[in-house]
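Let me begin by presenting the structure, written as structure tokens, before commenting on it.
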Amino acid sequence: MSGLLEFTRWRFSRVCTIHERGDVCTCTEQEKTRLWLLHGTSGAIQQFLGDGPYYGIWDDGRTGAMTTLDGCKAAVEKAVWHG
């Protein structure tokens, strides 16, 4: 195999929260909410502003505002998998 494939548990997307689904989105990338989903779980992370804090959510709770994505991912994973 010529390269190393990296497996990630997190999937990233940008979500328009200003326009209704089906409407033409005129948002800039800075205006879109960033969303990370933890594969196979209810865990997710949202960032509402391009340089704003991260918020982790899952079925039974949520984190407060966090300053680093890695720290927020760890908190969500711990909560989802260890209660």
Side-chain angles (χ1 to χ4, degrees):
M1 183 183 274
S2 62
L4 178 64
L5 296 176
E6 181 182 343
F7 174 76
T8 180
R9 294 180 299 259
W10 291 92
R11 187 182 73 206
F12 174 75
S13 64
R14 296 188 201 281
V15 179
C16 177
T17 56
I18 297 172
H19 299 91
E20 294 293 324
R21 179 170 244 158
D23 288 350
V24 174
C25 177
T26 57
C27 301
T28 66
E29 288 302 306
Q30 188 69 11
E31 293 171 322
K32 291 181 181 179
T33 298
R34 283 131 183 92
L35 178 67
W36 292 262
L37 299 173
L38 183 57
H39 181 72
T41 75
S42 64
I45 295 172
Q46 293 177 297
Q47 184 185 33
F48 298 101
L49 300 171
D51 58 353
Y54 302 94
Y55 296 89
I57 55 174
W58 58 94
D59 278 343
D60 298 326
R62 64 182 296 255
T63 68
M66 301 186 79
T67 57
T68 67
L69 178 57
D70 287 341
C72 197
K73 284 181 177 179
V76 171
E77 288 179 16
K78 182 179 177 183
V80 167
W81 288 320
H82 303 292

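As a basis for the values below, the full set of heavy atoms in this structure was taken, side chains included, without hydrogen atoms, waters or symmetry mates.
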- Nearest heavy-atom neighbours spanning Cys25 and Lys32: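 Answer, listing the atom of Cys25 first, then Lys32: SG-CE, 3.8 Å.
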Run the side-chain donor-acceptor check on residues 64-83: report pairs under 3.5 Å with partners two or more places apart or on a different chain.
{"unit_1": "Thr68", "atom_1": "OG1", "unit_2": "Gly71", "atom_2": "N", "d": "3.1"}
{"unit_1": "Glu77", "atom_1": "OE1", "unit_2": "Arg9", "atom_2": "NH2", "d": "2.9"}
{"unit_1": "Glu77", "atom_1": "OE2", "unit_2": "Arg9", "atom_2": "NH2", "d": "3.2"}
{"unit_1": "Glu77", "atom_1": "OE2", "unit_2": "Trp10", "atom_2": "NE1", "d": "2.7"}

- Message: Starting from Ile57, can I reach Phe48 by hopping between I/L/V/M/F/W/Y residues whose side chains sit under 4.5 Å apart?
- Response: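 Hydrophobic grouping puts Phe48 apart from Ile57.
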- Item | Heavy atoms of other groups near Arg14 CZ, more than 12 under 6.0 Å |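 Result for CZ/Arg14: enclosed.
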- Message: My understanding is that a hydrophobic cluster links ILVMFWY residues whose side chain heavy atoms are under 4.5 Å apart, including indirect links. Using that, what else belongs to the cluster containing Leu35?
- Response: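 Members besides Leu35, by chain and number: Val15, Leu37.
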- Query: Do Tyr54 and Arg34 have side chains that get closer than 4.5 Å, going by heavy atoms?
  - Reply: no
